[in-house]
Amino acid sequence: ILNVEQSPQSLHVQEGDSTNFTCSFPSSNFYALHWYRWETAKSPEALFVMTLNGDEKKKGRISATLNTKEGYSYLYIKGSQPEDSATYLCAFKKNNAGNMLTFGGGTRLMVKP
Amino acid sequence: NAGVTQTPKFQVLKTGQSMTLQCAQDMNHEYMSWYRQDPGMGLRLIHYSVGAGITDQGEVPNGYNVSRSTTEDFPLRLLSAAPSQTSVYFCASSPRTSGFYEQYFGPGTRLTVT
């Protein structure tokens, strides 16, 4: 069983605050790292798929970085809005492991207006 | 496209009963997976398939069977339901062509075993 950990487990911020959270994963046999956004009562939706060490991806106010050598990825949200409230999941894809993804436990973000 | 569909949305079973959770996708994705989601534990992989006729076990396969007779369908069978199988079940698919295994999730099935 692969160890994929996310921190913090939950986070409360005020509207307008910038925030970031961490996903750590095994640094060997890396293939890809995914970030998903999961709103309450909906299904998870992919935000980013990252494959190269040093990758940086951006979508609007949300961005992510990847360090495969040390086994971590950061997700940043600039100027949080109430609609950013969701659980953010990361998922690690190992090399030569078929379609298997290992998910972290998620970071639950709540943005207060 | 309907994407990934799951039925039923909700189900209550008694211990020992069996049932099948249905999953279908209309995106011609080769890869499909079943996950369960429990509080504080994220998503855990139950079974997955890389194509019709090919399935494999994930992290928590015990008590579940799958089959993949067509590209579109990937049903999950609970053989003899136990209270520990109370969970929310998500089916997902991903296209082989992207090479990155991005998951497209269905709406989920909330299962309670009493």
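In what follows, every heavy atom counts, from backbone to side chain, and hydrogens, waters and symmetry copies are set aside. Per chain, numbering begins at 1; letters A, B, ... match sequence-line order.
- Between A:P26 and A:N3, the shortest heavy-atom contact is CD-O, 3.4 Å.
- Taking the charged nitrogens against the carboxylate oxygens, B:D38 and B:R44 do have a contact shorter than 4.0 Å, which makes a salt bridge.
- The cationic group of A:K93 lies under 6.0 Å from the six-membered ring centre of A:Y31 and within 45° of the ring axis, placing it in a cation-pi geometry.
- Residue pairs that meet the side chain to side chain donor-acceptor pair (under 3.5 Å) test with at least one member in residues 33-51 of chain A, sequence neighbours left out, are A:H34-A:Y36, A:W35-A:S73, A:R37-A:E39, A:R37-A:Y88.
- Of all residues in residues 105-114 of chain B, those placing a non-hydrogen atom less than 4.5 angstrom from a non-hydrogen atom of chain A are B:F105, B:G106, B:P107.
- Looking at B:Y104, neither its backbone nor its side chain comes within 4.5 Å of chain A, counting heavy atoms on both sides.
- Nearest approach of B:R77 to B:V66, heavy atoms of both residues: NH2-C, 4.0 Å.
- At a 4.5 Å heavy-atom cutoff, the contact between B:Q37 and chain A is made by side-chain atoms alone.
- Proximity of the aromatic rings of A:F30 and A:F25 is defined here by a centroid distance below 6.0 angstrom, and this criterion is met.
- Contacts of B:Y48 with chain A are made by side-chain atoms alone, with heavy-atom separations under 4.5 Å and no backbone atom involved.
- Of the N and O atoms on the side chains of A:Y72 and A:N67, at least one donor lies less than 3.5 Å from an acceptor on the other residue.
- Summarising the geometry, atom OG belonging to A:S80 is positioned 7.0 Å from atom CZ belonging to A:R61; distances are rounded to the nearest 0.5 Å.
- Contact of B:F90 with chain A is made through the side chain alone, with heavy-atom distances under 4.5 Å.
- Of the listed residues (B:L43, B:L45, B:V88), the greatest number of heavy-atom pairs within a distance under 4.5 Å of chain A belongs to B:L43.
- In this structure, the portion of B:Q57 lying under 4.5 Å from any heavy atom of chain A is its backbone and not its side chain.
- Donor-acceptor pairing under 3.5 Å is lacking for the side chains of A:R108 and A:S10.
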